[in-house]
Amino acid sequence: MKKTEPKSLEDILGNLRETTCLGKLLVQAKVWDHWEELVGASLAPHGEPMGFRDTTLVIAAESAVWMNLFAYKKLAIIQRINGLVGCELVTDVFVVHMDE
């Protein structure tokens, strides 16, 4: 029986990050962690990320006016998110009213 070298915890977690749903969730969590940086200080207090539907980020905005502003800035938001995580995590943004 051949013995293998022990793996570091960093290697084990890196492998889990790449091969499990946990890894995708950790990458998606960066959106919440960097929300103000991603959408801007003036927009961030008026909406929040709700979750993902495949590669679509769902954002809840507090009014129709803010929904339109999030929709208007959607391409910039997508580019910032994908730039932050280093891959194409988001391909679209869907904005809903917070009460929905």
Side-chain angles (χ1 to χ4, degrees):
M1 176 180 261
K2 183 179 175 184
K3 289 187 177 184
T4 60
E5 291 293 319
K7 292 185 178 183
S8 70
L9 185 57
E10 181 179 358
D11 290 342
I12 293 168
L13 291 176
N15 185 44
L16 286 173
R17 198 175 305 126
E18 293 173 13
T19 60
T20 66
C21 292
L22 174 63
K24 185 173 183 179
L25 292 174
L26 289 172
V27 172
Q28 290 173 344
K30 290 183 179 186
V31 172
W32 281 264
D33 291 342
H34 298 275
W35 183 242
E36 186 173 315
E37 173 188 335
L38 294 169
V39 300
S42 61
L43 199 54
H46 303 287
E48 59 189 31
M50 295 291 294
F52 286 86
R53 293 181 192 154
D54 296 319
T55 59
T56 299
L57 172 64
V58 180
I59 297 173
E62 63 184 31
S63 71
V65 171
W66 293 107
M67 287 173 68
N68 283 328
L69 284 170
F70 276 105
Y72 178 73
K73 296 193 176 244
K74 117 175 159 173
L75 291 178
I77 293 169
I78 291 168
Q79 289 174 342
R80 286 186 194 130
I81 292 170
N82 292 339
L84 173 72
V85 299
C87 66
E88 191 176 66
L89 178 67
V90 179
T91 59
D92 198 12
V93 170
F94 184 73
V95 186
V96 297
H97 193 272
M98 267 189 191
D99 294 335
E100 293 181 5

Please enumerate all residues that pass side-chain hydrogen bond (donor to acceptor under 3.5 Å, both in side chains) together with Asn82, with sequence neighbours excluded.
none
Can you confirm whether Val93 sits close enough to Phe70 that some side-chain heavy atom of one is under 4.5 Å from a side-chain heavy atom of the other?
no
Residue set satisfying side chain to side chain contact (heavy atoms under 4.5 Å, CB included) with Leu75, at least two apart, ordered chain then number -> none
What side-chain donor-acceptor pairs closer than 3.5 Å can you find for residues 42-60, not counting sequence neighbours?
unit_1 : atom_1 : unit_2 : atom_2 : d
His46  : ND1    : Glu62  : OE2    : 2.7
Thr55  : OG1    : Thr91  : OG1    : 2.7

Quick one: closest heavy-atom pair of Leu89 and Gln28, and the distance?
CD1-CG, 3.9 Å
Hey, could you give me the OH/CD1 distance between Tyr72 and Ile77, rounded to the nearest 0.5 Å?
12.0 Å
Quick one: side chain to side chain contact (heavy atoms under 4.5 Å, CB included) partners of Glu5, sequence neighbours excluded?
none
Please list, chain by chain and in numerical order, all residues satisfying side-chain hydrogen bond (donor to acceptor under 3.5 Å, both in side chains) with Glu37, sequence neighbours excluded.
His34
Pairs meeting criterion salt bridge (Lys or Arg N to Asp or Glu O under 4.0 Å) with involvement of residues 66-91, two or more places apart:
Lys74-Asp92
